[in-house]
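As the structure is a computational prediction, the values presented were derived from the model and not from experiment. One is the number of the first residue; the rest follow in order along the sequence.
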Amino acid sequence: MERLYLLRHAKSSWDQAQLADFDRPLNQRGYNDAQAMADYIDQQGYQPEVILCSSAMRTRETLSPILKLMKNQPEVIFLDSIYEAEWTALRDAVEERTEDSIMLIGHCPGIELYLSRILGQIKEMKTCHLAVIDWPDKKLVDFIRPKEF
């Protein structure tokens with residue numbers, strides 16, 4: 001692997017108390033942030049070969065605008081195992097892949113802990129936060145969220 005993209009899902013809604021956590025959609029800010037992040041990913045020319053995405057509603061809705069802007073459609077794999085996963089499960093899901101560039105869209109705390117383990121330092125990931133890592137050097141080359149645009 002040459003490049004790893006880690007993306008935390010955008011802000012989700014708590015308006016429907018009867019919904020299971022897994023089924024919570026994005027709220028309006030989340031939709032706006034997901035679109036802004038999709039625009040940013042497109043502008044930067046970030047193009048993963050495969051996207052591993054939690055099958056939860058909020059991660060799928062975060063992914064949707066990104067896919068609409070990608071020039072080369074990556075393989076997308078929805079994984080129940082990424083939802084509420086420990087960082088080690090995220091590591092295993094990523095490291096079993098053979099592609100040169102991989103995006104993982106997941107949840108905290110797992111995704112945040114995985115990034116921190118890769119870098120050897122604590123990194124906090126807010127909603128819709130993107131980390132881009134050059135894998136061979138374990139170097140963070142981009143770390144941004146829509147609030148910073």
Side-chain angles (χ1 to χ4, degrees), residues 3-94 97 101-135 138-149:
R3 179 156 282 182
L4 176 62
Y5 305 90
L6 298 177
L7 178 62
R8 183 177 172 194
H9 66 80
K11 189 79 172 164
S12 60
S13 174
W14 292 90
D15 290 345
Q16 299 172 320
Q18 76 281 8
L19 284 180
D21 180 72
F22 185 86
D23 297 322
R24 285 189 299 112
L26 297 181
N27 65 16
Q28 190 57 54
R29 181 180 135 204
Y31 284 113
N32 294 343
D33 285 353
Q35 184 61 59
M37 183 55 72
D39 292 339
Y40 179 79
I41 288 169
D42 180 55
Q43 291 163 6
Q44 298 302 310
Y46 293 151
Q47 182 67 55
E49 293 173 66
V50 66
I51 298 175
L52 307 175
C53 184
S54 163
S55 50
M57 177 64 75
R58 58 192 178 274
T59 49
R60 289 184 285 139
E61 289 183 343
T62 301
L63 171 61
S64 181
I66 295 169
L67 286 178
K68 288 177 184 170
L69 293 179
M70 290 210 162
K71 295 174 184 41
N72 299 316
Q73 288 298 298
E75 177 182 5
V76 177
I77 302 169
F78 294 101
L79 298 169
D80 291 339
S81 61
I82 293 175
Y83 175 70
E84 295 189 338
E86 298 286 330
W87 76 269
T88 52
L90 301 179
R91 177 200 60 203
D92 294 347
V94 166
R97 305 299 305 182
S101 59
I102 299 167
M103 177 179 279
L104 184 137
I105 304 175
H107 310 265
C108 273
I111 200 164
E112 186 176 85
L113 292 171
Y114 183 36
L115 175 63
S116 297
R117 292 292 179 141
I118 291 168
L119 300 177
Q121 61 180 309
I122 296 171
K123 283 289 192 185
E124 184 177 6
M125 292 187 79
K126 302 286 186 182
T127 54
C128 212
H129 214 146
L130 174 70
V132 181
I133 302 116
D134 274 345
W135 191 253
K138 306 296 191 282
K139 181 181 174 187
L140 188 63
V141 295
D142 200 353
F143 191 60
I144 194 160
R145 59 191 178 132
K147 185 177 182 178
E148 298 169 29
F149 300 154

- Item | Heavy-atom pair with the smallest gap, counting every atom of L26 and E61 | N-OE1, 2.7 Å
- Note on the structure: Shortest non-hydrogen pair, L7 vs I111, comes out as O-CD1, 3.4 Å
- Task: Indicate yes or no: at least one non-hydrogen side-chain atom of E84 is less than 4.5 angstrom from one of F22.
- Result: no
- Of the non-hydrogen atoms in A36 and F149, which two are nearest, and what is the gap between them? O-CE1, 3.4 Å
- Begin from the C-alpha positions of S54 and H107 and carry the test side chain to side chain donor-acceptor pair (under 3.5 Å) through to its verdict. CA-CA 8 Å; S54 163; H107 310 265; 2.8 Å; yes
- Task: Report the distance from atom CZ of R3 to atom CG of D134, rounding to the nearest 0.5 Å.
- Result: 4.5 Å
- Task: State the SG-CE distance between C53 and M103, to the nearest 0.5 angstrom.
- Result: 10.0 Å
- Message: Please determine whether a side-chain nitrogen of the Lys or Arg among E148 and R145 lies less than 4.0 Å from a carboxylate oxygen of the Asp or Glu.
- Response: yes
- Task: May I ask you to say whether D42 pairs ionically with K71, meaning some side-chain N is under 4.0 Å from a carboxylate O?
- Result: yes
- Task: Calculate, to the nearest 0.5 Å, the distance between atoms CD1 and CG belonging to I105 and L79 respectively.
- Result: 11.5 Å
- Task: Supply the atom-to-atom distance D142 CG to I41 CD1, rounded to the nearest 0.5 angstrom.
- Result: 9.5 Å
- Closest approach of Y83 to A56 (non-hydrogen atoms, all atoms of both residues): CD1-CB, 3.8 Å
- Query: In Å, rounded to the nearest 0.5 Å, how long is the span from CG of L4 to CG of L115?
  - Reply: 8.5 Å
- Item | Sidechain-backbone polar pair: E75 side chain, V50 backbone, donor-acceptor under 3.5 Å | no
- Query: So do the side chains of S13 and R24 get within less than 4.5 Å of each other, counting heavy atoms only?
  - Reply: no
- Message: Let's go through Q35 and D39 carefully: what are the C-alpha distance in whole Å and the side-chain angles of both, what is the deciding distance for side chain to side chain donor-acceptor pair (under 3.5 Å) to 0.1 Å, and is it a yes or a no?
- Response: CA-CA 6 Å; Q35 184 61 59; D39 292 339; 3.1 Å; yes
- Item | Test item: T62 side-chain N/O and A34 main-chain N/O as donor-acceptor pair under 3.5 Å | no
- Flag if over 12 foreign heavy atoms under 6.0 Å of CD, Q44: yes
- Message: Using side-chain heavy atoms (C-beta onward) and a distance below 4.5 Å, is E112 in contact with E124?
- Response: yes
- With rounding to the nearest 0.5 Å, note down the distance linking CG in L69 to CD in Q47. 10.5 Å
- Message: I'd like to know whether NZ of K138 has more than 12 heavy-atom contacts from other residues, nucleotides or ligands below 6.0 angstrom.
- Response: yes
- Answer whether the closest heavy-atom distance between the side chains of D33 and K126 falls below 4.5 Å. no
- Message: In the structure I gave you, are the side-chain heavy atoms of I82 and T59 within less than 4.5 Å of one another anywhere?
- Response: no
- Item | Under 3.5 Å donor-acceptor, R58 side chain and D21 backbone | yes
- Message: Contact between M70 and P48 at the side-chain level, heavy atoms closer than 4.5 Å - yes or no?
- Response: yes
- Message: Can you give me the closest heavy-atom contact between S81 and A85, atom names plus distance?
- Response: O-CB, 3.1 Å
- Query: How are the rings of W135 and Y114 set to each other: parallel, tilted or perpendicular (split at 30° and 60°)?
  - Reply: tilted
- Go through K123 and L6 one step at a time and tell me if the side chain to side chain contact (heavy atoms under 4.5 Å, CB included) criterion holds. CA-CA 12 Å; K123 283 289 192 185; L6 298 177; over 6 Å; no
- Message: For P146 versus C128, what's the shortest heavy-atom pair and its separation?
- Response: CD-O, 3.2 Å
